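Below you'll find the structure, written out as structure tokens, and then a few comments.
Residue indices begin at 1 and follow the sequence shown. None of the values given here were measured: they were computed from a predicted structure. Below, each value reflects all heavy atoms present in this structure, side chains not excepted, and no hydrogens, waters or symmetry copies. In each ligand, atom 1 is the first atom listed, and ligand 1 is the first ligand listed.
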Amino acid sequence: MKVLEVKDYHEMSSIASRIIIEKVKSKPDCKLGLATGGTPIGLYKELIQDYRKNGTSYDHVCTYNLDEYVGMDPEDPNSYRYFMEKNLFAHINVPESHIHIPDGTAEFLEAECERYDVELNRGEGVDIQILGIGSNGHIGFNEPGTSFSSHTHIVKLAETTRKANARFFQRLEEVPTHAITMGIASILKAKQILLLVSGIKKAEVMKRLLTTNEIDEQLPASALKKHQNVTILADENALSLVKKAHLKYK
Ligand code: PGA
């Protein structure tokens with residue numbers, strides 16, 4: 001894993017956007033793995049700005065999102081489908097038919113997971129996968145304890161995750177209890193992974209990830225240590241508990 005320390009959220013978003021834009025320009029039909037949450041919003045803003053200013057085209061790009069809440073209608077403002085539309089898709093020229101997000105309202109959820117894996121595995125793998133990290137170390141919605149060999153599956157959300165995400169809802173009770181998520185093995189199939197981390201709330205988990213040799217299913221993000229091409233873009237606050245000399249992965 002390569003750790004790149006950046007000053008703040010803005011710099012993290014800006015560098016991430018340059019990496020994505022570079023990929024879209026050099027490979028116009030690339031596959032992008034996308035994430036939701038507070039972390040990638042700045043990156044998406046930068047992509048939109050660049051699209052407006054420079055016309056970088058997403059006409060041939062395919063996108064694959066990590067996860068979706070179970071039972072959440074795509075039109076619901078709290079769905080990840082809606083989040084992506086509002087924060088990115090509505091503002092760039094990616095064709096609707098190129099957008100892939102698990103369907104949390106599918107009648108047969110197991111079949112939906114299988115369908116999503118088939119989509120993901122069609123043709124070449126994802127070129128760049130964007131990830132955030134939960135304060136408990138989750139990636140996607142793969143909570144601690146998830147098997148590293150998991151593919152797309154249904155998860156019961158950890159209470160800490162529901163509480164962290166309650167900020168997007170009116171009340172905690174409204175936060176769904178389950179989600180569909182790409183598994184750890186599905187995520188690791190991406191050719192390149194970009195983990196974005198910002199803020200003091202992520203300092204503890206970054207310390208755990210970067211200053212120990214732990215590769216353990218109790219820390220889902222530690223699976224990234226098995227991948228050949230991972231870049232962590234983390235800001236000063238997120239790395240505030242990691243003394244430079246202790247950075248084990250560079
Ligand atoms: P955040 O969530 O970007 O809202 O901090 C990250 C995550 O839970 O994966």
Holding to salt bridge (Lys or Arg N to Asp or Glu O under 4.0 Å), I want the full list of residues that pass it with Glu11, two or more places apart in sequence or in another chain.
none
Under 3.5 Å, is there a donor-acceptor pair between the side chain of Tyr116 and the main chain of His100?
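Yes.
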Inspect the contact between Glu85 and Arg81 and indicate whether a charged nitrogen and a carboxylate oxygen are less than 4.0 angstrom apart.
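Yes.
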Report the C-alpha distance between Tyr58 and Phe89 in whole Å, list the side-chain angles of each, state the deciding distance to 0.1 Å, and finish with yes or no for ring pair (Phe, Tyr, Trp, His ring centres under 6.0 Å).
CA-CA 10 Å; Tyr58 295 80; Phe89 297 150; 9.6 Å; no
Protein residues having a heavy atom less than 4.0 Å from any atom of ligand 1
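Within 4.0 Å of ligand 1, the protein residues are Gly37, Gly38, Thr39, Gly132, Ile133, Gly134, His138, Arg167, Lys202.
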Expected list for residues 102-110: side-chain donor-acceptor pairs under 3.5 angstrom, two or more places apart:
unit_1 : atom_1 : unit_2 : atom_2 : d
Asp103 : OD1    : Thr105 : N      : 2.8
Asp103 : OD1    : Thr105 : OG1    : 2.6

With side-chain hydrogen bond (donor to acceptor under 3.5 Å, both in side chains) as the rule and sequence neighbours excluded, what pairs involving residues 180-197 come up?
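Pairs touching residues 180-197 that pass the test: Asn121-Lys189, Glu124-Lys191, Asp127-Lys191.
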